[in-house]
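Each chain gets a letter, A, B and so on, in the order its sequence line appears, and its residues count up from 1.
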Protein chains: 2
Amino acid sequence: MEARVNRQWRLAARPDGMLKKTDFALREESVPSLVEGQMLLRNIYLSLDPTNRMWVNETATYLPPVQIGEVMRGGTIGVVEASRNAQYPEGSIVQGMIGWQEYAVTNGEGLTILPDLPGMPLDAHMGLFGHIGMTAYFGLLDVGQLKEGETLVVSAAAGAVGSLVGQIGKIYGCRVIGIAGTDEKCAWITKDLGFDAAINYKTESVPKRLRELCPDGIDVYFDNVGGEILDAALRFINLRARIVICGLISQYNEKKPAPGPSNFANILSQRARMEGFIVLDYFNRAGEAMAALGKWYAEGKIHYQVDIVEGFEAIPEAVNRLFTGANTGKLIVRLSKEPVREVQA
Amino acid sequence: MEARVNRQWRLAARPDGMLKKTDFALREESVPSLVEGQMLLRNIYLSLDPTNRMWVNETATYLPPVQIGEVMRGGTIGVVEASRNAQYPEGSIVQGMIGWQEYAVTNGEGLTILPDLPGMPLDAHMGLFGHIGMTAYFGLLDVGQLKEGETLVVSAAAGAVGSLVGQIGKIYGCRVIGIAGTDEKCAWITKDLGFDAAINYKTESVPKRLRELCPDGIDVYFDNVGGEILDAALRFINLRARIVICGLISQYNEKKPAPGPSNFANILSQRARMEGFIVLDYFNRAGEAMAALGKWYAEGKIHYQVDIVEGFEAIPEAVNRLFTGANTGKLIVRLSKEPVREVQA
């Protein structure tokens, strides 16, 4: 095999606020040759997620921090280009945490071979299945305990997780209100995805609109953002409301923790339950979410959208699309071309 | 029957901050004569609780606000002095929400006849059983899901609920840290009640002491106070910690809601559960708590203390003992003498 060059983004500095290209160092390495049990992976898609921002802070959260000098952590889908591991034949499509690099030599630890789903694009494993789909599915149904006829409010509603959460809410016969940051996003979730209503938090008063749109109060609030929007939602929670703390994207670029929600006392008077939730804890139940989401997709009841950024060099700054609200749907970087799939006879 | 005079404290104004005597109006009424189905109750003990302060605010919380002009709401124990209701014979000791008054004529709705527990003082129904005991028992075990060997932290630890919570924690084989506001209270909970350690939040740094005293982190935080102490506890919560929001006493006299806890993001990274809890929801399971607490009391494993204020006129200002931290154990006002109990032959 010819010696390949692997480009990597390694963490170079602890970022301050939004990520900058200079927080990462581009490093080129020769790809080593394989020994028995190893394979060579070429990354095709890299998932960019709000939680990436937490991983580069000095303090550990639910995963250890990425250390200075390490390849930046990230979820990827890749193809096996060469293999000396019988479990991963050449051409296999695999998903794992290979990180911000073009190639990797690995023994397969922590990787999953993706099934070829007829009629389903490869990016569905990032936009509909995988950690995004599981986050929406288990967060809403397992942590949030959503029941038919309830009122569901979701923030970052045009994001990867939020857009699925709202659609699952509609499948469950709920009234669904989404909060997003542009009129285009609001139109997308109401007209294309079937949400009952949307609030543009940049141009409208969230408390005022929630009061109008949730006349019977809020039963489940699925929160991706924290901060003032969480606070507004807490004003209108019902008895025994469930508040699913899935993300706090408004806080991730802040150096100091912001004050928590002022309407916190409603948790007491409404006997509400607020629960933090990390999708990693549900990976052993991936099949359950995939079966439900796949069925709904096939029935035309659920849609997903990907926001694809092109090229390895764009990675460090592309993450910021999540924080500026530039993306609609799942943010992905395409690092190389998908292999041509064989059409079944 | 001679015409009796009933003194009542009626709400006269919406209080601003701590309660003042002028927020209430003392009214004297003649006690009406009984019609069939009614009885005359003489109040003996009045329970004063932090939640009383919430009831006089204009906004409803878990109960409707007491209206201006109404007799102030409050839990009482009284004796039936005259009866035209066969279910409540003369001499019966009953518990209910008769309010801040000396007498009441009632048909018995919402009242419970208290059993005469041999060897147990009547005030045990306020300090150990009743809403206090149920709050500690169900809050810690049902909401908090405390398990053997865990680390439990409780605030307002020398209060009525907190002191029971810590003792139940010790019965469950847990490491128990209490937070209180005087050295005397700290000595009482560690030396007399068996807590492993105490923090005087007025003279010590709560975060620093929690770090020292909870080297393995906090599994259950039973919160009676909110504010900065809640925030400090959130810094040290373990994976899947339970935070029981039982009370927010630091906030009740505030006009505007204070900012919520800054260390709120730990709920997400630790997948913690924070749940509000009101004891009223557990009244149908009173027997369960009473059986367990009674058994532990008989075995000498649990103690309670009452802080008795004398006399009807003292009521409005006595509530403030809860907010200044003057009380140790259950705050009660004695309105009249207990009837002499017959000694069993």
Side-chain angles (χ1 to χ4, degrees), chain A residues 50-51 53-55 57 59-65 138-139 142-143 223-228 230-231 234-235 237 239-252 254 256-282, chain B residues 50-51 53-55 57 59-65 138-139 142-143 223-228 230-231 234-235 237 239-252 254 256-282:
Chain A
T51 191
R53 181 63 189 82
M54 293 175 79
W55 296 344
N57 285 335
T59 27
T61 53
Y62 65 99
L63 285 178
F138 292 115
D142 219 81
V143 184
D223 192 26
N224 292 302
V225 303
E228 287 175 16
L230 168 61
D231 216 354
L234 285 176
R235 278 178 63 176
I237 53 173
L239 201 66
R240 302 197 197 291
R242 285 80 66 203
I243 299 112
V244 182
I245 304 292
C246 175
L248 298 166
I249 197 172
S250 71
Q251 309 301 312
Y252 296 160
E254 304 300 325
K256 282 195 175 177
S262 298
N263 294 308
F264 186 77
N266 278 356
I267 295 175
L268 174 56
S269 53
Q270 300 292 55
R271 298 80 139 169
R273 170 182 291 182
M274 181 180 267
E275 190 162 349
F277 151 74
I278 305 277
V279 70
L280 291 177
D281 301 336
Y282 286 87
Chain B
T51 192
R53 181 63 189 80
M54 293 175 79
W55 297 344
N57 284 335
T59 28
T61 53
Y62 65 99
L63 285 178
F138 293 114
D142 219 79
V143 184
D223 192 26
N224 291 302
V225 302
E228 287 177 16
L230 168 61
D231 216 354
L234 285 176
R235 278 177 63 173
I237 53 173
L239 200 67
R240 302 196 195 293
R242 284 81 65 203
I243 300 112
V244 182
I245 305 292
C246 174
L248 297 167
I249 197 172
S250 71
Q251 310 301 310
Y252 295 160
E254 305 300 325
K256 284 197 175 174
S262 298
N263 294 307
F264 187 77
N266 278 356
I267 294 174
L268 175 56
S269 54
Q270 300 293 53
R271 297 82 139 166
R273 170 182 291 182
M274 181 179 269
E275 191 162 350
F277 151 74
I278 305 276
V279 70
L280 291 177
D281 301 336
Y282 286 88

**Message:** Is B/I237 in contact with chain A via its backbone, its side chain, both, or neither, using a 4.5 Å heavy-atom distance?
**Reply:** neither
**Asked** salt bridge (charged side-chain N to carboxylate O under 4.0 Å, His left out) with B/D142: which residues, sequence neighbours excluded?
**Response** B/R285
**Fill in**
Rounding to 0.5 Å, atoms OG (A/S269) and CG (B/L63) come to a distance of 10.5 Å
**Asked** Side chain, backbone, both or neither: which part of B/A265 has a heavy atom under 4.5 Å from chain A?
**Response** both
**Greatest number of heavy atom pairs closer than 4.5 Å to chain A - which of B/R271, B/R240, B/E275** = B/R271
**Asked** Relative to chain B, which of A/N266, A/I267, A/T61, A/D281 shows the most heavy atom pairs under 4.5 Å?
**Response** A/D281
**Asked** Do you know which two heavy atoms are closest between B/L268 and A/I245, and how far apart they sit?
**Response** CD1-O, 3.0 Å
**ring pair (Phe, Tyr, Trp, His ring centres under 6.0 Å) involving A/F264 - partner list, sequence neighbours excluded** = none
